[in-house]
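Here's the structure, in C-alpha coordinates; my notes come after.
Atom set for the values below is all heavy atoms of this structure, side chains included, hydrogens, waters and symmetry mates excluded.
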Amino acid sequence: MSAQRTVPADTHLLSLSGRRIAVRVEGEGDPLLLLNGMTRPLQSWDLFTKSLHGRKVISFDTPGVGGSPTPLRPPSISELGAVAMSVLDAVGVDAADVLGYSHGGAVAQQIAHEFPTRVHRLILVATSCGMGATPGTGGAILRGLGGPVEGHAWPVPDLLGMFWQSLAVSAWSSIPFLGTIAAPTLVVCGTRDRVVPANNSKVLAGRIPDAVLRMLPGGHDVQRGESATELATIVEEFLSTGRTAGQLPLCG
(Lines give C-alpha, C1' and ligand atoms only; values in the text may rest on other atoms or scores of the structure.)
Protein backbone atom coordinates (compact mmCIF):
# COMPACT_ATOMS: atom_id res chain seq x y z
CA MET A 1 0.00 0.00 0.00
CA SER A 2 0.97 3.63 -0.41
CA ALA A 3 2.14 5.67 2.54
CA GLN A 4 -0.43 6.96 4.98
CA ARG A 5 -1.81 10.34 3.97
CA THR A 6 -2.82 13.30 6.06
CA VAL A 7 -6.52 13.36 6.91
CA PRO A 8 -8.58 16.37 8.07
CA ALA A 9 -9.08 16.93 11.79
CA ASP A 10 -12.75 15.88 11.61
CA THR A 11 -11.90 12.62 9.84
CA HIS A 12 -10.86 9.31 11.38
CA LEU A 13 -8.60 6.73 9.76
CA LEU A 14 -10.17 3.39 10.64
CA SER A 15 -8.88 -0.13 10.11
CA LEU A 16 -11.69 -2.00 8.36
CA SER A 17 -11.29 -5.56 7.05
CA GLY A 18 -7.58 -5.11 6.48
CA ARG A 19 -7.89 -1.66 4.88
CA ARG A 20 -7.30 1.81 6.33
CA ILE A 21 -10.26 3.99 5.42
CA ALA A 22 -10.71 7.71 6.12
CA VAL A 23 -14.24 8.18 7.53
CA ARG A 24 -16.21 11.27 8.55
CA VAL A 25 -19.57 11.46 10.37
CA GLU A 26 -21.45 14.75 10.61
CA GLY A 27 -24.76 15.81 12.15
CA GLU A 28 -27.62 13.98 13.81
CA GLY A 29 -30.73 12.30 12.45
CA ASP A 30 -31.52 9.60 9.93
CA PRO A 31 -28.28 8.26 8.40
CA LEU A 32 -27.26 9.14 4.84
CA LEU A 33 -24.26 7.36 3.32
CA LEU A 34 -22.41 9.28 0.58
CA LEU A 35 -20.39 7.46 -2.09
CA ASN A 36 -18.11 9.68 -4.11
CA GLY A 37 -16.98 10.15 -7.70
CA MET A 38 -13.69 9.05 -9.19
CA THR A 39 -10.62 10.58 -7.44
CA ARG A 40 -12.89 12.80 -5.32
CA PRO A 41 -12.23 12.92 -1.57
CA LEU A 42 -14.92 13.24 1.08
CA GLN A 43 -14.20 16.98 1.36
CA SER A 44 -15.82 17.44 -2.05
CA TRP A 45 -19.22 16.95 -0.35
CA ASP A 46 -18.78 20.01 1.90
CA LEU A 47 -21.10 22.39 0.02
CA PHE A 48 -23.75 19.68 -0.32
CA THR A 49 -23.71 18.64 3.33
CA LYS A 50 -23.88 22.25 4.54
CA SER A 51 -27.27 22.50 2.83
CA LEU A 52 -28.67 19.34 4.45
CA HIS A 53 -30.62 19.43 7.70
CA GLY A 54 -31.48 16.79 10.27
CA ARG A 55 -29.26 14.08 8.80
CA LYS A 56 -26.41 11.99 10.10
CA VAL A 57 -24.10 12.15 7.09
CA ILE A 58 -21.52 9.40 6.70
CA SER A 59 -18.80 9.83 4.09
CA PHE A 60 -15.46 8.18 3.44
CA ASP A 61 -12.54 8.09 1.02
CA THR A 62 -12.63 5.02 -1.15
CA PRO A 63 -9.34 3.04 -1.25
CA GLY A 64 -6.77 5.02 -3.25
CA VAL A 65 -8.48 8.39 -2.76
CA GLY A 66 -7.87 11.19 -0.25
CA GLY A 67 -6.86 9.83 3.14
CA SER A 68 -7.38 6.14 2.28
CA PRO A 69 -4.19 4.41 1.08
CA THR A 70 -4.09 2.78 -2.35
CA PRO A 71 -4.37 -1.03 -2.24
CA LEU A 72 -1.88 -3.31 -3.97
CA ARG A 73 -4.56 -4.75 -6.26
CA PRO A 74 -7.69 -3.23 -7.78
CA PRO A 75 -10.84 -3.72 -5.69
CA SER A 76 -13.97 -4.62 -7.63
CA ILE A 77 -17.23 -2.66 -7.41
CA SER A 78 -18.58 -5.45 -5.21
CA GLU A 79 -15.55 -5.15 -2.89
CA LEU A 80 -16.03 -1.39 -2.72
CA GLY A 81 -19.63 -2.02 -1.71
CA ALA A 82 -18.39 -4.29 1.07
CA VAL A 83 -16.03 -1.50 2.21
CA ALA A 84 -19.02 0.84 2.43
CA MET A 85 -20.90 -1.70 4.54
CA SER A 86 -17.90 -2.02 6.86
CA VAL A 87 -17.98 1.77 7.27
CA LEU A 88 -21.63 1.58 8.35
CA ASP A 89 -20.73 -1.21 10.77
CA ALA A 90 -17.89 0.85 12.23
CA VAL A 91 -20.16 3.82 12.96
CA GLY A 92 -22.96 1.64 14.35
CA VAL A 93 -25.49 2.03 11.53
CA ASP A 94 -27.51 -1.00 10.42
CA ALA A 95 -29.21 0.62 7.41
CA ALA A 96 -29.09 4.02 5.72
CA ASP A 97 -30.25 6.06 2.80
CA VAL A 98 -27.51 5.73 0.17
CA LEU A 99 -26.42 8.40 -2.33
CA GLY A 100 -23.90 7.50 -5.00
CA TYR A 101 -22.37 10.12 -7.30
CA SER A 102 -20.75 9.16 -10.62
CA HIS A 103 -18.35 6.25 -9.83
CA GLY A 104 -19.97 6.04 -6.40
CA GLY A 105 -23.30 5.50 -8.15
CA ALA A 106 -22.03 2.16 -9.43
CA VAL A 107 -21.10 1.17 -5.88
CA ALA A 108 -24.53 2.33 -4.65
CA GLN A 109 -26.31 0.14 -7.20
CA GLN A 110 -24.21 -2.85 -6.18
CA ILE A 111 -25.01 -2.26 -2.51
CA ALA A 112 -28.74 -2.07 -3.26
CA HIS A 113 -28.41 -5.41 -5.06
CA GLU A 114 -26.18 -7.26 -2.59
CA PHE A 115 -27.33 -5.70 0.68
CA PRO A 116 -30.99 -4.71 0.12
CA THR A 117 -31.89 -4.74 3.82
CA ARG A 118 -29.24 -2.09 4.51
CA VAL A 119 -30.60 0.44 2.01
CA HIS A 120 -33.68 2.47 2.99
CA ARG A 121 -33.72 4.68 -0.10
CA LEU A 122 -31.34 4.93 -3.05
CA ILE A 123 -30.18 8.10 -4.83
CA LEU A 124 -28.15 7.76 -8.03
CA VAL A 125 -26.54 10.98 -9.26
CA ALA A 126 -24.81 11.48 -12.63
CA THR A 127 -24.04 7.78 -12.97
CA SER A 128 -24.62 4.80 -15.25
CA CYS A 129 -25.04 1.05 -15.50
CA GLY A 130 -21.33 0.52 -16.29
CA MET A 131 -20.72 -1.74 -19.31
CA GLY A 132 -23.32 -0.97 -21.92
CA ALA A 133 -23.61 2.69 -20.94
CA THR A 134 -23.51 5.67 -23.29
CA PRO A 135 -19.92 6.93 -23.00
CA GLY A 136 -18.89 10.49 -22.29
CA THR A 137 -16.30 12.48 -24.22
CA GLY A 138 -12.64 12.12 -23.31
CA GLY A 139 -11.99 15.80 -22.62
CA ALA A 140 -15.08 16.10 -20.46
CA ILE A 141 -14.08 13.04 -18.45
CA LEU A 142 -10.65 14.50 -17.69
CA ARG A 143 -12.18 17.83 -16.69
CA GLY A 144 -14.74 15.95 -14.61
CA LEU A 145 -12.01 14.64 -12.33
CA GLY A 146 -12.13 18.15 -10.97
CA GLY A 147 -10.21 20.08 -8.39
CA PRO A 148 -10.97 21.90 -5.17
CA VAL A 149 -14.54 23.05 -4.54
CA GLU A 150 -14.83 26.78 -3.81
CA GLY A 151 -11.11 27.08 -3.18
CA HIS A 152 -10.85 24.33 -0.54
CA ALA A 153 -7.76 22.21 -1.12
CA TRP A 154 -8.15 18.54 -2.02
CA PRO A 155 -5.50 15.85 -1.77
CA VAL A 156 -3.65 15.30 -5.05
CA PRO A 157 -5.23 12.32 -6.89
CA ASP A 158 -3.25 9.10 -6.70
CA LEU A 159 -2.70 7.87 -10.26
CA LEU A 160 -2.70 4.19 -9.33
CA GLY A 161 -5.83 4.66 -7.23
CA MET A 162 -7.51 6.38 -10.20
CA PHE A 163 -6.48 3.51 -12.47
CA TRP A 164 -7.88 0.97 -9.99
CA GLN A 165 -11.21 2.84 -9.95
CA SER A 166 -11.31 2.88 -13.75
CA LEU A 167 -10.66 -0.86 -13.91
CA ALA A 168 -13.41 -1.59 -11.40
CA VAL A 169 -16.17 0.18 -13.30
CA SER A 170 -14.95 -0.95 -16.75
CA ALA A 171 -15.52 -4.60 -15.80
CA TRP A 172 -18.90 -4.07 -14.12
CA SER A 173 -22.53 -3.74 -15.19
CA SER A 174 -25.79 -3.39 -13.28
CA ILE A 175 -28.02 -4.23 -16.24
CA PRO A 176 -28.62 -7.84 -15.07
CA PHE A 177 -30.01 -6.76 -11.70
CA LEU A 178 -31.51 -3.27 -12.10
CA GLY A 179 -35.01 -4.70 -12.26
CA THR A 180 -34.56 -6.37 -8.87
CA ILE A 181 -33.66 -3.22 -6.91
CA ALA A 182 -36.38 -2.84 -4.29
CA ALA A 183 -35.36 0.39 -2.56
CA PRO A 184 -37.30 3.55 -3.49
CA THR A 185 -34.95 5.21 -5.97
CA LEU A 186 -34.27 8.76 -7.15
CA VAL A 187 -32.13 9.24 -10.27
CA VAL A 188 -30.62 12.70 -10.84
CA CYS A 189 -28.58 14.00 -13.76
CA GLY A 190 -27.61 17.19 -15.54
CA THR A 191 -29.14 17.83 -18.94
CA ARG A 192 -25.72 18.95 -20.23
CA ASP A 193 -23.62 16.20 -18.65
CA ARG A 194 -20.79 15.29 -21.06
CA VAL A 195 -19.05 12.92 -18.64
CA VAL A 196 -22.01 10.60 -18.03
CA PRO A 197 -24.64 11.64 -20.61
CA ALA A 198 -28.21 12.02 -19.39
CA ASN A 199 -29.38 9.04 -21.43
CA ASN A 200 -27.65 6.81 -18.85
CA SER A 201 -29.86 8.14 -16.09
CA LYS A 202 -32.93 7.57 -18.25
CA VAL A 203 -31.88 3.93 -18.63
CA LEU A 204 -31.44 3.53 -14.87
CA ALA A 205 -34.77 5.19 -14.08
CA GLY A 206 -36.53 3.13 -16.73
CA ARG A 207 -35.20 -0.21 -15.46
CA ILE A 208 -35.39 0.30 -11.68
CA PRO A 209 -38.99 -0.31 -10.54
CA ASP A 210 -40.89 2.90 -9.71
CA ALA A 211 -37.77 5.04 -9.91
CA VAL A 212 -38.08 8.84 -9.96
CA LEU A 213 -36.04 10.81 -12.53
CA ARG A 214 -35.02 14.42 -11.96
CA MET A 215 -32.98 16.32 -14.55
CA LEU A 216 -31.12 19.51 -13.59
CA PRO A 217 -30.11 22.32 -15.99
CA GLY A 218 -26.40 21.71 -15.67
CA GLY A 219 -23.50 19.38 -16.26
CA HIS A 220 -21.79 16.53 -14.45
CA ASP A 221 -20.36 18.37 -11.46
CA VAL A 222 -23.15 18.71 -8.92
CA GLN A 223 -20.79 19.29 -5.98
CA ARG A 224 -20.13 22.95 -6.77
CA GLY A 225 -22.00 26.21 -6.26
CA GLU A 226 -25.74 26.34 -6.82
CA SER A 227 -25.79 22.77 -8.15
CA ALA A 228 -24.72 21.41 -4.75
CA THR A 229 -27.43 23.44 -3.00
CA GLU A 230 -30.10 22.39 -5.49
CA LEU A 231 -29.09 18.75 -5.20
CA ALA A 232 -29.39 18.96 -1.41
CA THR A 233 -32.90 20.39 -1.75
CA ILE A 234 -33.96 17.62 -4.14
CA VAL A 235 -32.46 14.93 -1.91
CA GLU A 236 -34.21 16.29 1.19
CA GLU A 237 -37.56 16.37 -0.66
CA PHE A 238 -37.13 12.80 -1.83
CA LEU A 239 -36.04 11.46 1.54
CA SER A 240 -38.97 13.19 3.22
CA THR A 241 -41.76 12.44 0.74
CA GLY A 242 -40.52 9.92 -1.82
CA ARG A 243 -41.01 12.50 -4.58
CA THR A 244 -39.41 15.74 -5.80
CA ALA A 245 -40.82 18.80 -7.48
CA GLY A 246 -40.31 18.65 -11.23
CA GLN A 247 -39.77 14.89 -11.46
CA LEU A 248 -40.29 13.39 -14.89
CA PRO A 249 -42.94 10.80 -15.77
CA LEU A 250 -41.49 7.49 -16.95
CA CYS A 251 -42.90 5.07 -19.44
CA GLY A 252 -42.34 1.34 -19.73
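Relative ring orientation between Y101 and W45 is described as perpendicular, the plane-to-plane angle rising above 60° on a 0-90° scale split at 30° and 60°.
At distances below 3.5 Å, not a single donor-acceptor pair connects side-chain atoms of S240 with backbone N or O atoms of E237. Although no hydrogens or angles enter the test, the distance criterion places a donor-acceptor pair under 3.5 Å between the side chain of Q109 and the main chain of S128. Here the side chain of Q110 pairs no donor or acceptor atom with the backbone of V107 at under 3.5 angstrom. At least one donor-acceptor pair closer than 3.5 Å links the side chain of R194 to the backbone N or O of R192. Side chain of R19 to backbone of T62: no donor-acceptor contact under 3.5 angstrom is found. Side chain of S173 to main chain of G130: no donor-acceptor pair is present (N/O by atom type, distance under 3.5 Å, no hydrogens or angles). Side-chain N or O atoms of D61 include none that pairs as donor or acceptor with a backbone N or O of P41 at under 3.5 Å. Judged by distance alone, with hydrogens and angles left aside, the side-chain atoms of T185 form a donor-acceptor pair with the main-chain N or O of A183 at under 3.5 Å. Between the side chain of R55 and the backbone N or O of P31 there is no donor-acceptor pair closer than 3.5 Å. Side-chain N or O atoms of D97 include none that pairs as donor or acceptor with a backbone N or O of L32 at under 3.5 Å.
R40 has its side chain within reach of D221: a pair of non-hydrogen atoms, C-beta onward, lies under 4.5 Å apart. In this structure, L204 and L178 have side chains that are in contact, with non-hydrogen atoms separated by less than 4.5 Å. Using a 4.5 Å heavy-atom threshold, the side chains of V188 and F238 count as separate. R121 is listed as a side-chain neighbour of L239, based on a closest heavy-atom distance under 4.5 Å.
A side-chain N or O of E114 and one of S78 form a donor-acceptor pair less than 3.5 Å apart. Side-chain contact annotation: S102 with H220, donor-acceptor N/O pair under 3.5 Å present.
Counting all heavy atoms, side chain and backbone alike, M131 lies closest to S170 at CG-O, 3.3 Å. Closest approach of A106 to V169, counting heavy atoms only: CB-CG2, 4.2 Å. When all heavy atoms of C189 and A198 are compared, the closest pair comes out as SG-CB, 3.8 Å. Nearest heavy-atom pair, P197 versus P135, reported as atom, atom and distance to 0.1 Å: CG-O, 3.5 Å.
In the displayed structure, L160 atom CG is contacted under 6.0 Å by more than 12 heavy atoms of other residues, nucleotides or ligands.
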Would you please test M215 and K202 for side chain to side chain contact (heavy atoms under 4.5 Å, CB included) and show each step?
-> CA-CA 10 Å; M215 300 182 73; K202 295 177 182 178; 4.0 Å; yes
